[in-house]
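Every heavy atom of this structure was used, including side-chain atoms; hydrogens, water molecules and symmetry mates were not. The residues of the chain are indexed from 1 along the displayed sequence. Remember, it's a predicted structure, so these values are computed and weren't measured experimentally.
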Amino acid sequence: MEAYEDCLNATSTHHAPWYAVPADDKPNARLIISRIVLDALAELKMAYPKATAKRREELKSIRKLLEK
């Protein structure tokens, strides 16, 4: 157990952390993992790109071609 802990402490970084999640309670394990994933996605601060009026018109015409 001590070697396992040493390994995790030596390899876990801020940019690539390790998480120890209890495996004997699947619903709670899944909940914990979901929270970790949601927090990681929130840190990415993603946003949709801004589109100009001209680009929106181009996209509408492309959509019409694809719908044929």
Side-chain angles (χ1 to χ4, degrees):
M1 188 70 171
E2 188 176 322
Y4 182 72
E5 186 177 335
D6 290 343
C7 176
L8 291 180
N9 288 334
T11 59
S12 183
T13 66
H14 175 70
H15 295 290
W18 284 89
Y19 297 94
V21 178
D24 59 343
D25 184 356
K26 295 296 182 195
N28 279 324
R30 291 182 179 123
L31 182 63
I32 292 166
I33 293 167
S34 298
R35 182 79 262 167
I36 292 168
V37 170
L38 287 174
D39 290 345
L41 289 173
E43 286 181 17
L44 294 177
K45 294 180 176 48
M46 294 186 290
Y48 288 106
K50 303 287 185 208
T52 63
K54 180 181 176 185
R55 182 63 180 153
R56 279 193 292 276
E57 290 303 316
E58 289 174 2
L59 292 171
K60 284 180 186 178
S61 65
I62 291 169
R63 173 181 256 169
K64 285 181 186 176
L65 291 173
L66 291 172
E67 289 175 343
K68 287 184 181 182

Enquirer: What's the separation between atom CG in Asp39 and atom CG in Leu44, rounded to the nearest 0.5 Å?
Expert: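 Taking CG in Asp39 and CG in Leu44, the distance rounds to 11.0 Å.
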Enquirer: Do other residues, nucleotides or ligands put more than 12 heavy atoms under 6.0 Å from the CD atom of Glu67?
Expert: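 Yes, because the 6.0 Å sphere around CD of Glu67 holds more than 12 heavy atoms from other groups.
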Enquirer: What is the distance from atom CD1 of Ile36 to atom CG of Leu31, rounded to the nearest 0.5 Å?
Expert: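 Interatomic distance, Ile36 CD1 to Leu31 CG, rounded to 0.5 Å: 10.0 Å.
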Enquirer: Does Arg55 come within less than 4.0 Å of Glu58, counting only side-chain N to carboxylate O?
Expert: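 Salt bridge flag = yes for Glu58 with Arg55.
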Enquirer: What pair of heavy atoms forms the shortest contact from Ser12 to Pro17, and how long is it?
Expert: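 For Ser12 versus Pro17, the nearest heavy atoms are OG-CA, 3.3 Å.
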Enquirer: Tell me, do Arg35 and Leu38 make a side-chain contact under 4.5 Å, heavy atoms counted?
Expert: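 Yes, at least one pair of side-chain atoms sits under 4.5 Å.
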Enquirer: If the threshold is 4.0 Å, N to carboxylate O, is there a salt bridge linking Lys60 and Glu57?
Expert: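 Yes.
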Enquirer: Spell out, yes or no, whether Val37 and Val21 are grouped together once hydrophobic residues are joined by side-chain heavy atoms under 4.5 Å, including indirect joins.
Expert: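 Same cluster.
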Enquirer: Can you tell me which residue among Thr11, Asn9, Thr13 is in a side chain to side chain contact (heavy atoms under 4.5 Å, CB included) with Trp18?
Expert: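 Exactly one option meets the side chain to side chain contact (heavy atoms under 4.5 Å, CB included) with Trp18, and it is Thr11.
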Enquirer: To the closest 0.5 Å, what do you measure between CG (Leu66) and CZ (Arg63)?
Expert: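 Leu66 CG to Arg63 CZ: 9.0 Å, rounded to 0.5 Å.
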